[in-house]
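For reference, the structure discussed in these notes is given below.
Just follow the structure's listing: the first ligand is 1, and inside any ligand the first atom is 1.
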Amino acid sequence: MSDDFGQEQAIRKLGPGRLVIASHNPGKVREIGELLAPYGIETVSAAALDLPEPEETGTTFIANAELKAMQAADLSGLPALADDSGLCVEALNGDPGIFSARWAGPTKDFGIAMRLVWDNIQAKGPEAGHGAHFICALALAWPDGHVEAFEGRVDGTIIWPPRGDRGFGYDPIFQPHGHDISFGEMDPEKKHGMSHRADAFAQLVAAVF
Ligand SMILES: O=P(O)(O)OP(=O)(O)OP(=O)(O)OC[C@H]1O[C@@H](n2cnc3c(O)ncnc32)[C@H](O)[C@@H]1O
Ligand SMILES: [Mg+2]
């Protein structure tokens, strides 16, 4: 939680205008809004500004977060915060990784994407482990082209069948280490206590605010 000093610092650093949340994923926009809430920063989403969804041509989470943030800052003239994240399954050599959104296909069906993850693990045979982690890269870009990026991580296990209807994306098949419920079953505040996104956000706050 921020104290008044943190809030003042954040507002001074970002200026009096709004911060663009440069994501078209409503689940992410909600979580980033919840993480930013204690800082009293006014935000606007990329969708609300009608910003286009850039092609994610980067080969790393950081590169994709930076390109999304820089495009939004450039087009809006406002500071912009972007998130590139994904699920990395150890038995699948890190897949779906930066392709996590693309595994859900054009209709963004995460029922299909979760089933694909599970079927691919099963195809590796009975010895395949279920270890996985989520990565989140957050990039904060200013209209002058300056950008700073941070990467967070949370480790856990892939479970089947999917459990819970909270959260978004792959949350129902990811159970963080040390817990007996999936992210899909978890209270949002509890997820923010341990998630890859909260980890990256804490680093951003420490470095930027
Ligand atoms: O690029 P933007 O517009 O931000 O939205 P996106 O959904 O395309 O986002 P990414 O390109 O970063 O793809 C990451 C995918 O990984 C999944 N993902 C990321 N963080 C997650 C989380 O906390 N819980 C569950 N799934 C997550 C989610 O399904 C995302 O669609
Ligand atoms: Mg994307």
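For ligand 1, the atoms closer than 4.0 angstrom to any heavy atom of K68 are 1 (O), 2 (P), 4 (O), 10 (P), 11 (O), 12 (O). Close contacts between ligand 1 and F134 involve ligand atoms 21 (C), 24 (N), 25 (C), 26 (N), 27 (C) [criterion: under 4.0 Å to a heavy atom]. Heavy-atom contacts of H196 reach the following atoms of ligand 1: 20 (N), 21 (C), 22 (C), 23 (O) (cutoff under 4.0 Å). Per-residue contacts place H24 under 4.0 angstrom from the following atoms of ligand 1 (heavy atoms of the residue considered): 2 (P), 3 (O). Annotation for ligand 1: atoms under 4.0 Å from non-hydrogen atoms of S23 are 2 (P), 3 (O), 4 (O), 5 (O). For ligand 1 and G86, the ligand atoms under 4.0 Å from any heavy atom of the residue are 16 (O). Residue-ligand proximity, D84 to ligand 1, at heavy-atom distances under 4.0 Å covers atoms 10 (P), 11 (O), 12 (O). Within the listing of ligand 1, atoms 29 (O), 31 (O) sit less than 4.0 angstrom from a heavy atom of F110.
The shortest distance between side-chain heavy atoms of H130 and I159 does not fall below 4.5 Å. In this structure, Y170 and I158 have side chains that are not in contact, with every pair of non-hydrogen atoms separated by 4.5 Å or more. A 4.5 Å side-chain heavy-atom check between K190 and H179 finds at least one atom pair inside the cut-off. With contacts defined as side-chain heavy-atom distances shorter than 4.5 Å, the pair C136/D199 does not qualify. With contacts defined as side-chain heavy-atom distances shorter than 4.5 Å, the pair S85/I135 does not qualify.
With hydrogens left out, the protein atom closest to atom 7 (O) of ligand 1 is N25 ND2, 2.9 Å, a heavy atom. With hydrogens left out, the protein atom closest to atom 17 (C) of ligand 1 is Y170 CD1, 3.8 Å, a heavy atom. Atom 8 (O) of ligand 1 has as its closest protein heavy atom A101 CB, 3.6 Å. Protein heavy atom closest to atom 6 (P) of ligand 1, with residue, atom name and distance, is K28 NZ, 3.9 Å. Nearest non-hydrogen protein atom to atom 24 (N) of ligand 1 is D171 OD1, 2.6 Å. Atom 19 (C) of ligand 1 has its closest protein heavy atom at S85 OG, 3.0 Å. Among all protein heavy atoms, the one lying closest to atom 11 (O) of ligand 1 is E56 OE1, 2.9 Å.
Taking the six-membered ring where tryptophan is involved, the planes of W160 and W118 are essentially parallel, since the angle between them stays under 30° and well short of 60°.
In terms of polar-atom proximity, defined here as any N/O pair under 3.5 Å, R197 does make such a contact with ligand 1. Here's the thing with S100: none of its N/O atoms is less than 3.5 angstrom from an N/O atom of ligand 1.
Comparing F183, F174, F168 by heavy-atom distance to atom 25 (C) of ligand 1, the nearest is F168. When the options K191, E31, E53, R102 are ranked by their closest heavy atom to atom 23 (O) of ligand 1, first place goes to K191.
Among the candidates T157, V154, V89, the single residue satisfying the side-chain contact (heavy atoms from CB on, under 4.5 Å) test with F174 is V154.
One finds no salt bridge joining E53 and K68 here, because no Lys/Arg side-chain nitrogen approaches an Asp/Glu carboxylate oxygen to under 4.0 Å. Between R197 and D83 there is a salt bridge, since a side-chain N of the basic residue sits under 4.0 Å from a carboxylate O of the acidic one. Taking 4.0 Å as the cut-off between side-chain N and carboxylate O, D187 and K191 do not count as a salt-bridged pair.
Within the 3.5 Å criterion, the main-chain N or O of L116 finds a donor-acceptor partner in the side chain of N120.
No other N/O/S atom of E56 lies as close to the Mg ion (ligand 2) as OE2 does.
Hydrophobic clustering keeps V147 apart from I98 (ILVMFWY residues linked when any side-chain heavy atoms are closer than 4.5 Å, directly or through intermediates).
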